[in-house]
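Working notes, structure below.
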Amino acid sequence: MKQSTRRQVLTLCGSATAIGIAGCLGDGDDTETDDHNDDSGDDIDDTETGDDNDGSGDDTGTEDDGDDSGNGSVADLTLADTPHTGRYEFEVADLGIEQFVWEVQEIDGDEATVDVTSDLGSDFLEEETITVTPIIPDGFSDGRPLNEDLDIDELTSARFGDLWYPINDFANVDLSTLSVGDTWEETGGLNYEVTDTDSHAGLDCLVVERRIIDELDFEYCVSTEHAMILYSADFDETGEILHELTLTSYDG
């Protein structure tokens with residue numbers, strides 16, 4: 001019965017749009033999350049500062065929240081951005097993938113040149129150099145685009161994309177505003193909470209738990225400086241880990 005309920009909930013979430021998600025962020029705990037909500041109500045500050053992600057305005061939102069996270073946050077970053085060059089190596093458990101490498105060679109404005117390598121086997125692309133551009137999809141059905149022509153699922157697998165690039169879950173979240181204690185909700189009973197700090201391969205990250213109703217579904221550790229998931233796991237109804245992804249090496 002739990003599995004059926006979860007599938008119904010995820011089906012409902014599949015109809016959500018990025019705009020809808022942003023609205024859901026405004027339904028969270030006003031005390032803790034208004035610094036990354038779109039519904040803070042201060043339209044004057046938005047107009048004056050040009051800050052699309054932080055409705056709280058000029059001096060208090062981005063700077064203070066970035067300092068609170070303790071992760072070297074860069075303002076106005078989402079998971080669609082590529083802010084740093086470097087070689088990121090990941091290990092993946094129970095997905096038929098042993099290693100995934102994301103090597104950012106060059107950044108030119110919003111574009112990044114990336115060498116992607118994975119050992120998914122002959123049925124999948126093993127190595128390619130791609131150009132990455134920041135695109136936030138309109139909805140869950142639009143996937144996780146790396147640019148106008150390529151989706152991360154085409155390079156890896158859908159479940160890998162869920163773990164490493166959950167763009168729809170974080171689409172309109174300015175990562176620099178996140179800090180421990182923040183909570184927010186999305187359509188269909190998805191609840192998020194920043195519960196702790198951690199680090200992987202020398203990079204700091206914030207632990208984010210995703211629950212369906214009250215049941216732990218995913219756990220992420222997101223770097224608010226590198227705009228990247230460094231660790232993630234998904235869980236079955238008993239709380240056992242199904243799949244796991246871990247950053248094991250970073251060379252900047």
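- Closest heavy-atom contact between Gly143 and Pro137: O-CG, 3.5 Å.
- A ring-centre distance under 6.0 Å is not found for Phe218 and Phe235.
- Tyr165 and Val207 fall into different hydrophobic clusters, where Ile, Leu, Val, Met, Phe, Trp and Tyr are joined by side-chain heavy atoms under 4.5 Å apart, directly or via other members.
- Proximity of a side-chain donor or acceptor of Asp81 to a complementary backbone N or O of Pro83 within less than 3.5 Å is not detected.
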* To do: Apply side-chain contact (heavy atoms from CB on, under 4.5 Å) to Leu206 and Thr224, showing your working.
  => CA-CA 8 Å; Leu206 291 173; Thr224 59; 3.7 Å; yes
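- Within the 4.5 Å cutoff, the side chain of Glu127 has heavy atoms near those of the Thr117 side chain.
- The two atoms that bring Ala171 and Ile136 nearest to each other are O-CD1, 3.2 Å, heavy atoms only.
- Residues His226 and Tyr88 bring a donor and an acceptor atom of their side chains to less than 3.5 Å of each other.
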* To do: Quick one: do Asp115 and Thr129 satisfy side chain to side chain donor-acceptor pair (under 3.5 Å)? Show the steps, please.
  => CA-CA 4 Å; Asp115 290 341; Thr129 299; 2.6 Å; yes
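- Side chains of Leu163 and Phe90 form no contact here, defined as non-hydrogen atoms less than 4.5 Å apart.
- Tested against Trp164 for a side-chain contact (heavy atoms from CB on, under 4.5 Å), the candidates Thr156, Ile152, Leu230 yield a single pass: Ile152.
- From Asp234, atom CG reaches atom CD of Glu240 across 12.0 Å, with rounding to the nearest 0.5 Å.
- When all heavy atoms of His200 and Thr246 are compared, the pair lying nearest together is ND1-CG2, 3.9 Å.
- Contacts classified as salt bridge (charged side-chain N to carboxylate O under 4.0 Å, His left out) and involving residues 101-113 (residues at least two apart or in different chains) are given here: Arg87-Glu103.
- Checked against the 6.0 Å centroid threshold, Tyr192 and Trp184 count as a close aromatic pair.
- Side-chain contact between Asp198 and Cys221 is present, with heavy atoms from C-beta onward closer than 4.5 Å.
- The shortest heavy-atom contact between Arg210 and Leu190 is NE-CD2, 4.0 Å.
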* Could you walk me through whether Leu242 and Arg159 pass the side-chain contact (heavy atoms from CB on, under 4.5 Å) test, one step at a time? => CA-CA 11 Å; Leu242 294 171; Arg159 179 53 67 178; over 6 Å; no
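- A pairwise comparison of heavy atoms in Met228 and Leu79 identifies N-CD2, 3.7 Å as the closest pair.
- Minimum interatomic distance between Asp142 and Asp151 (heavy atoms only, all atoms of both residues): O-OD2, 4.0 Å.
- Side-chain atoms of Tyr250 and Glu89 form no donor-acceptor pair, as typed in the model, at a separation below 3.5 Å.
- Not a single donor-acceptor pair under 3.5 Å links the side chain of Ser232 to the backbone N or O of Tyr220.
- In this structure, the separation between CD on Glu225 and CG on Leu203 is 7.5 Å, given to the nearest 0.5 Å.
- Under the 4.5 Å side-chain criterion, counting only non-hydrogen atoms from C-beta, Thr183 is not in contact with Asn191.
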* To do: Let me see the working for Leu146 and Leu155 under side-chain contact (heavy atoms from CB on, under 4.5 Å), right down to the final yes or no.
  => CA-CA 10 Å; Leu146 297 175; Leu155 297 177; 3.7 Å; yes
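- Not a single donor-acceptor pair under 3.5 Å links the side chain of Ser199 to the backbone N or O of Gly202.
- Shown here is Asp251, whose CG atom has no more than 12 heavy atoms of other residues, nucleotides or ligands within 6.0 Å.
- Note on Val101: it does not cluster hydrophobically with Ile130, by side-chain heavy-atom contacts below 4.5 Å among ILVMFWY residues.
- Rounding to the nearest 0.5 angstrom, the gap separating the CG atom in Asp196 from the SG atom in Cys205 is 9.5 Å.
- If you take CD on Glu193 and CG on Asp182, they are separated by 9.5 Å, rounding to the nearest 0.5 Å.
- Remark: Asp174 CG to Asp76 CG distance equals 5.0 Å, nearest 0.5 Å.
- Thr197 places a side-chain heavy atom less than 4.5 Å from the side chain of Val180.
- The distance from atom CD of Glu219 to atom CZ of Arg211, rounded to the nearest 0.5 Å, is 9.5 Å.
- By the rule that hydrophobic residues join a cluster once side-chain heavy atoms approach within less than 4.5 Å of another member, Val116 and Ile107 end up as members of one cluster.
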* **Steps toward side-chain contact (heavy atoms from CB on, under 4.5 Å) verdict (Tyr231, Leu245)** => CA-CA 5 Å; Tyr231 169 85; Leu245 177 144; 6.0 Å; no
